[in-house]
Novice: 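Can you read through this structure? Questions will come right after.
Just so we're on the same page: letters track the sequence lines, and every chain starts at 1.
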Number of protein chains: 2
Amino acid sequence: MTALDTLIQTLSRLPGIGPKSASRLAYHLIKTEKSYNQTLAQGIATIQDRIFPCSVCGSFTETDPCPVCSDPVRDRTLLCVVEEPQDVLTIQSSGAYDGLYHVLGGAISPLDGIGPEQLSFSKLLKRIDEGQFKELIIATNPTEEGDTTALYLRHILKDHPELSITRLASGLPIGGDLEYADRITLARSLRGRVNF
Amino acid sequence: MTALDTLIQTLSRLPGIGPKSASRLAYHLIKTEKSYNQTLAQGIATIQDRIFPCSVCGSFTETDPCPVCSDPVRDRTLLCVVEEPQDVLTIQSSGAYDGLYHVLGGAISPLDGIGPEQLSFSKLLKRIDEGQFKELIIATNPTEEGDTTALYLRHILKDHPELSITRLASGLPIGGDLEYADRITLARSLRGRVNF
């Protein structure tokens, strides 16, 4: 197997990269500036040494605790529970949230063999006991697994009356067209209609 | 900027990878087996040292001349002219061609400042003079640039009556549905209809 075939095969194991994209990427890498390839290779080779989960919230960081957990300006009464570390980045980039985060490490999915014990619920309960949280925002995905996880969270937090539990609103995406909304989203945005 | 931000930014400079895919890839690279990252990084860092254009046909190779050019079994009376090195791989993978190739290095595109002198036409004419070709198959893309390049090729080869010049057939993609064919493809497949 040539170096090119090997690179194409390696690239095609990345998520969302099929054989065609992989070969397009490989040909691009042959023709691009060499310094770019060195930077990219270096980044890929060292990323796992530089990035690790924050010991407090579980999001990926280069310093422990992560910049969000150690930021004195953030609202320490607000806790947003997400499935994956990248969800922290997504919510951060919305600019609409200034509280803390907790990363579960996935969603409950019995079919994939992921039960509550695989996720960081006990760490979450400990944080709630030791913290000063007033509101917990469930930001799991609007999927079956995310819904199950949200229900489970509400269940294990029923002994915390001091905590107001909320969940991200579901409905029509902003800028979208009613015509292109899928049936389930439309049904949910109807059931969850708000006064205007 | 963190190592993660740097990696995401570097990845998003790849063709077809937007900021969202780049961040998905970066998070995948954090979680995947370390040996995979090492293999990928190594492949990217060394690809330009291992792969270079074949001195005969111009397709990418690790040995010079490339395996196709030096294969004694291939039909040396057939020459297929393509735009890019990856087109050789694509046609090879169809398994329907056993002649030689010539890579032009692009297509004529005045708007992008690419004229005939930037492409390897003179090398092609030299190969034709020195070779024993009977048929030249133009396999440029069915685009405006590819069409222009094909016309230019036919023009500069008009003094080679020994050479039969053909071009890849255009029309409906196999397995496609008439309903989903675009207007231009449909028009071309009508104009180019064949006896049945």
Novice: Are A/Lys31 and B/Glu84 within salt-bridge range, i.e. N to O under 4.0 Å?
Specialist: yes
Novice: Mind ranking B/Arg13, B/Arg50, B/Gln38 by heavy-atom pairs under 4.5 Å with chain A and telling me who comes out on top?
Specialist: B/Arg13
Novice: Looking at CG of A/Asp98 and CD1 of A/Ile91, how far apart are the two atoms once the value is rounded to the nearest 0.5 Å?
Specialist: 12.5 Å
Novice: Pick one of side chain, backbone, both or neither for A/Ile30, based on which atoms fall under 4.5 Å of a heavy atom in chain B.
Specialist: both
Novice: Can you confirm whether more than 12 heavy atoms, excluding those of A/Ile184, are under 6.0 Å from its CD1 atom?
Specialist: no
Novice: Could you verify whether a donor N or O on one side chain and an acceptor N or O on the other, from B/Asp75 and B/Thr77, lie under 3.5 Å apart?
Specialist: yes
Novice: Relative to chain A, which of B/Leu25, B/Ile17, B/Thr39 shows the most heavy atom pairs under 4.5 Å?
Specialist: B/Leu25
Novice: Indicate yes or no: does A/Arg188 engage A/Asp147 in a salt bridge with an N to O separation below 4.0 Å.
Specialist: yes
Novice: Using a 4.5 angstrom heavy-atom cutoff, name the option from B/Lys20, B/Arg24, B/Gln86 with the most pairs to chain A.
Specialist: B/Gln86
Novice: With a 4.5 angstrom heavy-atom cut-off, is it the side chain or the backbone of A/Thr90 that approaches chain B, or both, or neither?
Specialist: neither
Novice: Verify whether the ring centers belonging to A/Phe60 and A/Phe52 lie closer than 6.0 Å.
Specialist: no
Novice: Please classify the contact between B/Thr2 and chain A as side chain, backbone, both or neither, with a heavy-atom cut-off of under 4.5 Å.
Specialist: both
Novice: If you tally heavy-atom pairs under 4.5 Å against chain A, which of B/Gly43, B/Ala45, B/Ser21 wins?
Specialist: B/Ala45
Novice: Within the distance-only criterion (no hydrogens, no angle test), does the side chain of A/Arg191 pair as donor or acceptor with the backbone N or O of A/Leu186 below 3.5 angstrom?
Specialist: no
Novice: Contact part of A/Thr6 toward chain B, heavy-atom cut-off under 4.5 Å: side chain, backbone, both or neither?
Specialist: neither
Novice: Contact part of A/Ile47 toward chain B, heavy-atom cut-off under 4.5 Å: side chain, backbone, both or neither?
Specialist: side chain
Novice: Just by distance, do the side chain of A/Tyr36 and the backbone of B/Thr10 share a donor-acceptor pair under 3.5 Å?
Specialist: yes
Novice: Name the region of B/Leu7, side chain, backbone, both or neither, that has any atom closer than 4.5 Å to a heavy atom of chain A.
Specialist: side chain
Novice: For B/Pro67, is it the side chain, the backbone, both, or neither that has a heavy atom closer than 4.5 Å to a heavy atom of chain A?
Specialist: neither
